[in-house]
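Computed over heavy atoms, backbone and side chain alike; hydrogens, waters and symmetry mates excluded.
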Amino acid sequence: MTKEQGRPQDGAGTSRLPGPRAGRGGKDGAPAGATSSEGKVLNVFSHGVLVIWGLLVTMPLLWAVVSSFKDDTEIFGSPWGLPSVLHFDNWSRAWDKANMGQYFLNSLIVVGGSLIGTMLLGAMAAYVLARFDFPGNRFVYFLFVGGMGFPVILALVPLFFVMKNMALLDTYHGLILVYIAYSLPFTVFFLSGFFKTLPTSVAEAALIDGASHTRTFFQVMLPMAKPGLISVGIFNFLGQWNQYLLPTVLNVGDPDKKMLTQGLVALAVSQGYKGDWSGLFAGLTIAMLPVLAAYIIFQRQVVAGLTAGALK
């Protein structure tokens with residue numbers, strides 16, 4: 001054998017010992033250990049940001065609830081401490097003397113009526129726009145979508161005169177109608193996309209069995225859309241419960257017809273001059289309890305509805 005024949009060649013007949021492969025185990029040639037450590041660092045960083053954000057959101061709420069059980073001396077003397085004695089009289093004083101009970105009832109009546117009307121009309125409109133093809137379908141849909149971008153403040157003056165001419169100022173049903181019109185664009189936009197993700201075979205089977213379109217909608221499609229209905233219902237409830245601008249413009253005469261947000265502003269002004277800060281914190285806690293309760297009870301349904309509406 002010559003010297004050239006015994007030398008390894010870079011061809012097909014090359015015989016080499018197996019060696020370590022570069023970039024094995026990692027993405028784009030990176031070692032697997034480096035990728036794992038980067039993922040851990042990113043995970044710790046994201047969790048740290050979420051914890052900080054959670055503290056920034058919850059701490060003011062907890063501080064307001066704790067302060068509602070203190071007296072004025074403890075609020076200024078030890079603002080971050082726990083109350084030595086629970087002063088439940090703050091809540092009764094805010095409920096009775098500040099008329100928060102009447103404002104709370106007014107908000108329940110208006111928001112309850114408007115929420116039922118919004119969900120019923122919005123679901124029917126969204127179902128028709130999502131399931132039926134007719135001339136002007138896209139035009140009507142984009143009208144609703146355009147309503148989401150229209151600033152409400154631009155409509156306050158003409159809306160006031162329209163309500164005045166129709167004798168709907170300072171009335172529950174007038175404010176309910178305005179709340180429904182205010183919430184319909186988002187409701188139709190959200191539910192129309194959700195109804196498109198539902199299977200059509202179930203509705204077709206119901207129609208073949210002799211069910212009318214109305215019965216198919218209420219008994220078949222509406223129960224299937226329950227996650228989406230709960231999600232958009234919670235969003236509408238939060239928006240309508242915290243609404244301040246519309247009732248301030250449309251409830252100008254009768255003080256007994258004011259909403260809870262209006263009563264809370266009046267309480268802040270009056271109790272601020274009186275120095276009754278404990279009553280003010282009690283009224284603030286009364287106003288935010290329904291919102292917190294709704295979110296705590298339905299938080300799983302909200303997340304499930306958003307996820308189900310995003311996937312086919």
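Under the 4.5 Å side-chain heavy-atom criterion for grouping Ile, Leu, Val, Met, Phe, Trp and Tyr, I116 is not connected to M124 through any hydrophobic cluster. A continuous path of hydrophobic side-chain contacts links I297 to V232 [ILVMFWY only; heavy atoms under 4.5 Å]. Linking Ile, Leu, Val, Met, Phe, Trp and Tyr residues whenever their side-chain heavy atoms come within less than 4.5 Å leaves V51 and V57 in two separate clusters. Hydrophobic clustering keeps L62 apart from L50 (ILVMFWY residues linked when any side-chain heavy atoms are closer than 4.5 Å, directly or through intermediates). Cluster membership for F76 and F281, using ILVMFWY side-chain heavy atoms within less than 4.5 angstrom, is shared.
Listed here is the closest heavy atom pair of L115 and G233: CD1-O, 3.6 Å. Shown here for W241 and L108, the closest heavy-atom pair between the two residues is CZ3-CD2, 3.8 Å. E74 and S84 make their closest contact through OE2-OG, 2.5 Å (heavy atoms, listed as atom of the first residue, atom of the second, distance). Nearest approach of A130 to S192, heavy atoms of both residues: CB-O, 3.4 Å. Scanning all heavy atoms of the two residues, the minimum distance from V265 to Y244 falls at CG2-CE1, 3.6 Å. V128 approaches F134 most closely through the heavy-atom pair CG1-CE2, 3.8 Å.
Within 6.0 Å of the CG atom in D209, the count of heavy atoms belonging to other residues, nucleotides or ligands exceeds 12. Atom CG of L154 has more than 12 heavy atoms from other residues, nucleotides or ligands within 6.0 Å. Environment of CZ in F132: crowded, with over 12 heavy atoms of neighbouring residues, nucleotides or ligands closer than 6.0 Å. Annotation for M148: atom CE counts as buried by contact number, over 12 foreign heavy atoms lying within 6.0 Å. By the 6.0 Å contact criterion, CZ on F237 is enclosed, its count of non-hydrogen atoms from other residues, nucleotides or ligands being greater than 12.
Annotation: side chain of H173 is in contact with side chain of L168 (closest heavy-atom distance under 4.5 Å). Within the 4.5 Å cutoff, no side-chain heavy atoms of L250 are placed close to those of L156. Annotation: side chain of Q240 is in contact with side chain of S183 (closest heavy-atom distance under 4.5 Å). Using a 4.5 Å heavy-atom cutoff, the side chains of R131 and T200 are in contact. Taking 4.5 Å as the limit, some side-chain heavy atom of V65 sits within range of a side-chain heavy atom of M288. Within the 4.5 Å cutoff, the side chain of T216 has no heavy atoms near those of the V202 side chain.
Side-chain atoms of N242 come within 3.5 Å of backbone atoms of L238 as a donor-acceptor pair (strictly under, hydrogens ignored). In this structure, D72 contributes its side chain and S278 its backbone to a donor-acceptor pair below 3.5 Å. S107 places a side-chain N or O within donor-acceptor distance of the main-chain N or O of L260, the cut-off being under 3.5 Å.
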Q) Checking side-chain contact (heavy atoms from CB on, under 4.5 Å) for the pair F186/N236: CA distance, chi angles, key distance, verdict? A) CA-CA 9 Å; F186 172 74; N236 285 330; 4.1 Å; yes
Q: Give the intermediate values and the outcome of side-chain contact (heavy atoms from CB on, under 4.5 Å) for residues F160 and L169.
A: CA-CA 8 Å; F160 173 82; L169 292 178; 3.7 Å; yes
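The structure places CG of L184 at 10.5 Å from CE of M119, a figure rounded to the nearest 0.5 Å. A distance of 7.0 Å separates CG of L246 from CG of L159, quoted to the nearest 0.5 Å. Here CZ of F69 is found 12.0 Å from CD1 of I75. Values are rounded to the nearest 0.5 Å. Rounding to the nearest 0.5 angstrom, the gap separating the CG atom in L207 from the CZ atom in R215 is 11.5 Å. Note that the CG atom of L284 and the CG atom of L267 stand 9.0 Å from one another [nearest 0.5 Å]. The distance from atom OG1 of T248 to atom CG of N251, rounded to the nearest 0.5 Å, is 8.5 Å.
The side chain to side chain contact (heavy atoms under 4.5 Å, CB included) test with Y103 singles out one residue from Q262, M259, K258, and that residue is K258.
The aromatic rings of F190 and F194 lie parallel to each other, with less than 30° between the two planes, well short of the 60° mark. Ring geometry, W63 versus W80: the interplanar angle falls from 30° to 60°, so the pair is classed tilted. Aromatic ring orientation, W95 versus F104: tilted (interplanar angle from 30° to 60°). Classified by interplanar angle (parallel below 30°, tilted 30° to 60°, perpendicular above 60°), the ring pair Y127/F217 is tilted.
N106 and Y172 share a donor-acceptor pair across their side chains, judged by distance under 3.5 Å alone.
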